[in-house]
Amino acid sequence: MKFSEMPYERPDLEGMKQTLSGLVERLKGAAGYEEAKAVFLEKEREVKHIDTLATLASVRHSIDTRDQFYDGEETFWNSAMPQLQEYMQAWTMAMLASPFRKDFEAEYGSLMFINAEIQLKTFSPEIIPQLQQENDLTTEYEKLLASAQIPFEGKTYTLSQLTPFKTDADDARRLAAWKAEGRWYKDNQADLDRIYDQLTHLRDEMGKKLGYEGYTTLGYYRMGRNCYTKEDVEKFRAAVVKYLVPVADRIYREQAKRLGKEYPMSFADNALEFRSGNPRPQGSPDDILAQGKKFYDELSPETSEFFRTMLDNELMDVLSTEGKRSGGYCTSIADYNVPFIFANFNGTQGDVEVVTHEAGHAFAAWLNRDRVPMEYIWPGMEACEVHSMSMEFMAWPWAEGFFGKDTKKFLYSHLSGALTFIPYGTMVDHFQHEVYANPDMTPAQRHAVWKELLGVYMPWMRLDGDIPFYAEGEGWQRQHHIYSSPFYYIDYCLAQTVSLQFWALLQTDRKAAWEKYMAYARQGGSRTFTELLKNAGLESPFEEACLRGVCQTASAWLDKFDLSGIE
C-alpha cells in the first residue's frame with residue numbers, strides 16, 4: 001500500500017487500555033503454553049496496530065508541522081503513550097512471571113526477557129506526568145527549529161535550506177551563512193535554554209522518583225543498554241581522545257594547507273574541505289534516487305527488491321519544504337511490514353548519504369520484517385547505526401553515478417568525515433553525562449562545559465568571535481538528539497568504528513564484506529550488540545585495539561590518496 005493511502009483515525013484511548021488489560025488477564029489465566037502463546041501473538045498484533053497509528057501521525061506531523069490535524073494528533077499521542085506505558089508494564093510483569101517463560105525462551109530466545117527486565121526499570125505510573133511534559137517539550141523544540149525563517153541574500157530559508165550556503169566555496173558568502181544561522185539561534189536562545197533546562201530537570205526528577213541518583217542510570221536503561229555500561233563508554237571516549245583526535249587533527253591541518261588558512265580555523269572555514277568547493281551530488285533529487293535504485297539493483301537481489309518497494313509505495317519523503325521538521329530518520333510502519341524514510345535534501349553530499357544511510361536502516365528492518373516478537377525487527381540503536389553507516393561505504397563503487405566529477409573529492413571527504421565525526425559525537429555524549437551529573441547548572445554553565453569540551457575533542461576549531469553562537473559554546477543547541485534522545489549520540493560513534501571495519505574489508509574483498517554485512521543484518525534484534533558483532537566476525541569497539549586499528553588503516557589510506565588536480 002502507498003504511504004498516502006494508509007488510513008489513519010485516532011483510536012479510542014480507553015478502549016486500548018481495556019484491550020491491553022484483558023490480554024494481561026488472559027495471559028495470567030492461560031492453562032498451557034499454546035494458550036499463552038496465542039494471547040502473546042494477539043498482543044503483538046494489538047501493539048503493532050497502536051504503533052502504526054502513532055507512527056503515521058508522527059511522520060505526517062514531521063512532514064508538515066503546520067498541519068493542524070496532525071499537530072493535534074501529535075499532542076494526543078504525546079499524552080496517550082505515557083498512559084499506555086502503564087498497561088505495557090503490566091504485560092511485561094505478567095510475561096516475566098509466566099510459568100511458561102522457559103517455553104517462550106525456547107521458541108523466541110531469552111533476549112526479550114532480558115530487555116523486559118530493563119524496561120521495568122524505566123517506568124512507574126508516578127512519572128506519567130513527567131513523560132507527557134517531556135514529549136511536549138521535545139515537540140516544542142522540533143517545531144521551533146522547523147519554524148525557522150532565516151533571511152539571507154534577500155531571500156528567506158529554513159535551517160535545512162540554508163545548509164548548502166554554509167559550505168559555499170566563497171569565503172565571505174560561507175561566513176555570512178554561518179552568521180545568519182547563528183543569529184537565528186541567538187534570537188531564539190531564551191526558548192532553547194528554557195526548553196532544555198526544563199527537560200534536564202524533568203529527567204532528573206524521573207530518575208530520582210524511580211530510585212536512581214538522577215537521570216544517567218535511567219537514561220541508559222531507556223536506551224536499552226543490555227551488554228555494556230557507563231564505564232565501557234568512558235573507556236571508549238578515552239580511546240577516542242588517545243587515537244582518533246590526533247588523526248582528525250592531522251586531517252584538519254592538511255585541510256588548512258589546502259585552503260591557504262591558518263590553523264586552527266574558524267567553524268566556517270572548517271566546513272570547506274576543498275578550495276574549489278565540497279563534493280556535491282550531480283543532478284536533481286530524482287537523479288539521486290535513480291542512481292540509488294541502480295546501486296541497490298546491482299548490489300544484491302535482496303536490496304533490489306527492497307528499494308523498489310520503497311519507491312513504488314511512496315515510502316520516502318526527502319525534499320526540504322516549508323514547515324518540515326529538520327533532520328532525517330527511518331522508522332517502521334508495523335501493520336504494513338515496511339520501513340519509511342524521512343529526510344531533507346538540500347543539494348549537499350548528505351543527500352546521497354540519505355539514500356545510503358537511512359536506506360541502510362530501512363533495508364535491515366525490511367530484511368527482518370516478519371520477526372516475532374516485533375522488538376526483534378530492530379536491535380539496539382548502536383547496532384542499527386552499523387547497518388546505516390556501513391551501507392554508506394558499500395555504495396563507494398557507485399559513487400561516480402552520484403557525484404560525477406566530484407567523485408574523488410567525495411571518497412576522500414567521506415572517509416575523512418567518518419574519522420572526524422567520532423570526536424564530535426563522543427563530545428556530545430560527554431557533554432550529556434556532565435549535564436545530567438549536574439542538573440542544576442545554569443544555561444551559561446552548560447555552554448561553558450561545551451566550550452571546554454571543544455578544546456579536548458575538537459582542538460581544530462578556533463573559538464573566535466566571528467560566529468558568537470558557536471564560539472561561545474552554544475552550538476550544541478542545534479543537535480536535536482541532545483534534546484529529544486539523551487545518550488543516543490554515542491551509538492553513532494560506536495557504529496562508525498564498526499563501519500570502518502567494513503570499509504577496510506571492502507578495500508580488499510568486496511564479496512566477503514557484503515557477506516559479513518548480511519550475516520550481521522540478518523540477525524535483526526535477536527541478539528545483543530556485542531553478540532551481533534561476534535556472530536558476524538567483527539571486533540567490538542569497546543576493545544581498544546579496534547579503534548587503534550581502524551585509525552591506522554584509514555589514516556594510511558588518506559595519506560596515500562591522490563588529490564592531485566583538485567584545488
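All values derive from a computational prediction rather than experimental measurement.
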Any chance the side chains of Ser326 and Arg478 put a donor and an acceptor closer than 3.5 Å?
no
Please check if atom CD in Gln68 has more than 12 non-hydrogen atoms from other residues, nucleotides or ligands closer than 6.0 Å.
no
Do any N or O atoms from the side chain of Asn344 and from the backbone of Arg325 form a donor-acceptor pair under 3.5 angstrom?
yes
Can you label the angle between the Phe274 ring and the Tyr412 ring as parallel, tilted or perpendicular, going by 30° and 60°?
perpendicular
Do the two ring centres, one from Tyr141 and one from Tyr483, sit under 6.0 Å apart?
yes
Would you check if Lys408 and Asp562 make a side-chain contact, meaning some heavy-atom pair closer than 4.5 Å?
yes
Would you compute the distance between atom CD of Gln496 and atom CD of Glu392 and round it to the nearest 0.5 angstrom?
7.0 Å
Looking at Glu434, Glu234, Arg237, which one forms a side-chain contact (heavy atoms from CB on, under 4.5 Å) with Asp429?
Arg237
Working note: Glu205 + Lys208, criterion salt bridge (charged side-chain N to carboxylate O under 4.0 Å, His left out); need CA distance, chi angles, decisive distance, verdict.
CA-CA 5 Å; Glu205 182 183 354; Lys208 287 173 178 171; over 6 Å; no
Can you tell me how far the OG atom of Ser485 sits from the NE2 atom of His480, to the nearest 0.5 Å?
7.0 Å
Side chain to side chain contact (heavy atoms under 4.5 Å, CB included) against Asn346, all qualifying residues, sequence neighbours excluded:
Ser160, Thr163, Pro164, Thr348, Asp351
More than 12 heavy atoms from other groups under 6.0 Å of CD on Glu452
no
Any chance the side chains of His61 and Asp67 put a donor and an acceptor closer than 3.5 Å?
no
Close side-chain approach of Gln85 to Ile128, heavy-atom, < 4.5 Å:
no
Hey, are Trp77 and Ser58 close enough side-chain-wise for a donor-acceptor pair under 3.5 Å?
no
From CD1 (Ile422) to OG1 (Thr497), nearest 0.5 Å:
4.0 Å
ring-ring contact (aromatic ring centres under 6.0 Å, His included) with Phe340: which residues, sequence neighbours excluded?
Phe3
State whether Tyr228 and Lys235 meet the cation-pi test: NZ (Lys) or CZ (Arg) under 6.0 Å from the six-membered ring centroid, and within 45° of the perpendicular axis.
no
Between atom CG of Leu453 and atom OG1 of Thr426, what is the distance when rounded to the nearest 0.5 Å?
11.0 Å
According to ring-ring contact (aromatic ring centres under 6.0 Å, His included), does anything in residues 167-186 pair up with another residue at least two apart or in another chain? List the pairs.
Trp178-Tyr470, Tyr185-Phe469
Under a plain distance cut-off of 3.5 Å, with no hydrogens placed, do Gln552 and Arg548 share a side-chain donor-acceptor pair?
no
Rounded distance (nearest 0.5 Å) linking atom OG of Ser62 with atom CD of Glu74:
6.5 Å
Tested for side-chain contact (heavy atoms from CB on, under 4.5 Å) against Phe487, the lone hit among His481, His433, Arg222 is His433
Just by modelled atom types, is the Cys384 backbone N or O under 3.5 Å from a matching donor or acceptor in the His361 side chain?
yes
So which heavy atom on Leu218 is nearest to which on Lys121, and how close?
CD1-O, 4.0 Å
Polar contact flag, side-chain donor to acceptor under 3.5 angstrom, Glu385-Ser388:
yes
